[in-house]
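Everything below concerns the one structure shown next.
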Amino acid sequence: MSEFDENDAFEAAARPSLSAQAMAARPMPYLDGLNPAQREAVEVLNGPVLMLAGAGTGKTKALTTRIAHLLNTGQARTNEILAVTFTNKAAREMKERVASLLGQTVEGMPWMGTFHSICVKLLRRHAELVGLKTNFTILDTDDQIRLMKQLIAANNIDEKRWPARLLAGVIDNWKNRAWTPEVLPASEANAFNGRGPELYAQYQARLKTLNACDFGDLLMHMVTIFQKHDDILKQYQSWFRYILVDEYQDTNVAQYLWLRLLAAGHKNICCVGDDDQSIYGWRGAEVGNILRFEKDFPGAKVVRLEQNYRSTAHILAAASGVIAGNEDRLGKELWTAAEGGEKVRLIGHWDGDEEARWVGEEIEAMQSGTRGRAPMSLDDMAILVRASHQMRAFEDRFLTIGLPYRVIGGPRFYERLEIRDAMAYFRLAVSQDDDLAFERIVNTPRRGLGDKAVQTIQGLARQNGVSLVEGARIAVDTGAIKGKGGKGLAELVMGLDRWHAQLRAEADTHVEMAEVILEESGYTDMWLNDKTPEAPGRLENLKELVKALESFENLQGFLEHISLIMDNDTDDAEEKVTIMTLHGAKGLEYPAVFLPGWEDGLFPSQRSMDEGKVKETGNGSGLVNLGLEEERRLAYVGITRAEEICTISFAANRRVYGQWQSQLPSRFVDELPADHVEVLTAPGLYGGGYGGAAGDFGASPLEDKASRVDAYNSPGWKRMQAQGALRSKPSPNESRGLVIDLEAVSSFTQGDRVFHTKFGYGTVMGIEGDKLDIEFDKAGAKKVVSKFIVPAAQAGDVPF
DNA sequence: AGCCTCCTAATTTTT
DNA sequence: TTAGGAGGCT
């Protein structure tokens with residue numbers, strides 16, 4: 001095991017033994033603001049605790065108070081508490097709040113961080129046990145894909161049929177389950193056309209020679225080490241005397257094993273989570289972990305936080321009504337002491353553009369404070385969509401009306417092209433062994449080194465058993481690459497040597513060196529000479545990157561951490577509406593929330609329902625579609641983001657992949673309890689005809705009489721009418737569910753003439769679930785998801 | 001080596 | 001519809 005340095009978090013020091021008096025003597029003002037459930041969750045310090053914390057129930061408060069309590073009572077010292085989160089943001093927030101609770105900065109808390117950042121720290125101590133050196137690099141997704149592409153090519157696999165992305169997904173899945181190539185179960189043998197297992201082994205071997213690991217490895221390697229080296233595990237078990245886990249419902253198998261191993265001794269583990277907010281199953285999260293907690297830790301104390309401090313009663317009731325549709329739950333019922341508030345608002349629109357237009361106007365109205373409401377800041381409003389492509393309609397609309405907005409999500413700072421290029425240069429300046437970095441920048445900026453030149457370098461490197469930089473050096477020395485490329489390569493190699501020497505000599509000049517490297521390599525010039533509109537932004541980002549270096553002591557330290565900590569929180573001063581995905585919104589709250597696109601196929605998304613992951617229900621009444629349940633949890637997350645005003649909307653028509661489709665309102669709409677929903681009249685569809693009630697909206701989309709008739713015959717429209725009818729005469733005895741007759745939903749039968757965007761006209765030959773066997777007139781027999789099929793009669797007159 | 005055109009596929013995303 | 005990738009052409 002590596003030596004610990006002076007500042008080591010584990011540095012031995014006698015732990016003061018605490019008497020009951022000592023504990024009682026310390027004031028605990030932080031306990032006063034807690035409700036009984038929170039207080040219980042805070043005060044039971046020893047043994048396993050499961051804190052089931054519903055949305056907005058003060059879970060972070062309880063968690064941070066618990067940490068403060070552990071410290072304040074002297075039960076644990078800062079370096080004996082392992083507190084794990086999923087995001088850096090959550091870790092940061094936790095640190096800040098613990099500090100403010102204790103009224104002092106918490107110097108230390110070295111083991112409060114993300115799963116990944118903690119595992120990096122641990123793995124750097126024990127890297128040699130999994131065949132790595134302590135200064136291993138962490139590959140980002142891009143590097144991973146490039147590596148896998150090479151492997152796929154080397155194995156003579158057709159990359160078009162078996163893309164690297166797919167392999168990356170397969171391997172990632174295995175790693176999430178902590179399956180190393182050695183323990184990969186036989187059931188996985190067929191993965192990736194039967195080549196998965198061997199490619200996985202090759203990939204891991206390649207990582208080892210590169211002295212690198214990917215994100216999944218961080219966890220998996222630590223689990224492996226803990227499993228194989230009992231002495232090391234024991235040591236950490238005694239060091240981490242208290243374990244706290246945030247968002248436990250999002251843990252995957254590897255994380256679960258890691259936690260279980262560490263907690264196995266003292267079992268002082270407190271997991272906080274909400275099974276109803278488990279929305280990351282698709283990336284390996286196992287709701288099962290939280291559902292099984294009491295079995296894993298017999299005698300666990302289970303505390304439910306159910307008092308909500310965020311939303312109005314109507315909003316909570318709507319959320320509860322929807323989530324009640326799920327079978328697989330531990331069961332919680334949110335309640336609030338707050339009274340009053342608006343009902344959840346539901347509105348249907350003609351199409352996606354109109355929905356965006358309406359939301360824009362509604363936002364402007366809220367901002368200026370009409371309709372008896374106080375004016376609201378744009379910062380207090382958010383639009384939460386299921387899929388990022390939905391954002392476009394809103395962006396387009398907001399641009400035309402000049403409504404400021406911010407989009408959350410998209411590429412992270414460190415994922416940007418220019419940042420990764422720059423980092424590759426830095427990596428090479430620090431270590432010339434970094435082949436992936438070399439490959440990345442060898443011809444960036446252009447040096448006249450194309451595929452052929454790179455192959456030459458790779459060949460030389462392989463023959464001599466050296467790194468690519470050394471291979472390049474040989475190529476330069478032997479004149480293996482001629483002309484412009486040869487000259488460029490010579491300059492690059494000289495540059496790398498110079499930078500490396502300079503950094504070794506004066507490591508603390510790294511900020512200036514970073515600038516020098518970007519200058520001398522020609523990278524800055526490359527963007528200065530670039531005429532595309534993105535170029536200035538990229539140069540800005542490079543400046544920011546250099547600035548970020550200032551908070552590190554040297555380039556090496558920067559590189560070791562950067563891939564884990566570079567998140568982009570945009571803190572701009574101007575008030576803006578937020579647009580983001582439902583996934584991105586978890587953990588956030590806004591006074592006003594818009595939830596557009598509640599249409600079957602979009603939300604719940606067709607894909608998630610088609611995945612076909614099913615499970616027996618507890619009562620044997622049938623099968624549960626797990627994909628659908630996760631979508632429903634997403635709906636629950638969406639609604640519970642709203643504090644005061646929650647507006648759900650759907651459109652009767654939407655353009656999907658460039659093709660207009662009529663849409664049905666989401667089944668989740670039907671699950672909203674009618675008593676807590678106000679159905680708004682859709683301008684343009686209800687009442688005195690188009691545009692009648694709400695003023696004019698410019699050119700009417702319904703000017704064409706034929707399409708208007710079609711619109712009124714569409715299933716979506718029929719369902720809308722049903723909604724409207726229900727609003728006018730609510731049934732007193734059936735408050736739950738806006739249950740609407742679904743007979744209008746069209747389906748296909750054998751022999752139907754149908755139309756498909758790409759394949760043209762055809763005849764339905766058979767039906768399997770939602771897939772149709774169709775004999776196309778031109779394209780022949782195909783199996784197509786019914787979603788992509790319209791009756792032939794409608795093919796010509798799809799609206800717009 | 002670099003540009004251009006054709007083809008294909010198309011949630012959700014943190015580290 | 002559109003974006004990104006691959007392959008072909010100059």
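Just so it is clear: chains get the letters A, B, ... in the order the sequence lines come, proteins before strands, and each one is counted from 1. Keep in mind it's a predicted model, so treat the numbers as computed, not measured.
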Minimum-distance nucleotide (side-chain atoms of A:Tyr657 versus B:dA10, B:dT15, C:dA6): B:dA10
Listed nucleotide nearest any side-chain atom of A:His583, set B:dT15, B:dG2, B:dT12: B:dT12
Phosphate contact (B:dT13 OP1 or OP2) by A:Thr581 side-chain N/O below 4.0 Å: yes
Sub-6.0 Å ring centroid separation between A:Phe115 and A:Phe86: yes
Selected nucleotide, minimal atom distance to A:Lys160 side chain, candidates B:dT15, C:dG7, B:dT13: C:dG7
Options B:dT13, B:dT11, B:dT15, nucleotide nearest the side-chain atoms of A:Tyr414: B:dT15
Aromatic ring pairing A:Tyr200/A:Trp174, orientation class (parallel under 30°, perpendicular over 60°, tilted between): tilted
Any donor-acceptor N or O pair under 3.5 Å, side chains A:Asp217, A:Gln204: yes
Proximity to the side chain of A:Asn88 - top-ranked nucleotide from C:dA3, B:dT15, B:dT13: B:dT15
Rounded distance in Å - CG (A:Asn443) to C1' (B:dG2): 11 Å
Any A:Ser388 side-chain nitrogen or oxygen under 4.0 Å from OP1 or OP2 of B:dT12: yes
Sugar-phosphate only, base, or nothing, as touched by A:Lys149 at under 4.0 Å among non-hydrogen atoms: sugar-phosphate
Ring-face cation contact, A:Phe394 with A:Arg397, 6.0 Å cut, 45° max: no
A:Arg392 side-chain proximity, nearest of B:dT12, C:dT2, C:dG7: C:dT2
Sugar-phosphate only, base, or nothing, as touched by A:Glu415 at under 4.0 Å among non-hydrogen atoms: base
Short side-chain N/O contact to C:dT2 OP1/OP2 from A:Arg655, under 4.0 Å: no
Minimum-distance nucleotide (side-chain atoms of A:Arg607 versus B:dA10, C:dG7, B:dT12): B:dA10
Contact under 4.0 Å: A:Arg446 side-chain N or O vs B:dA1 OP1/OP2: no
Touch class at under 4.0 angstrom, heavy-atom based, for A:Thr87 against every strand present: sugar-phosphate
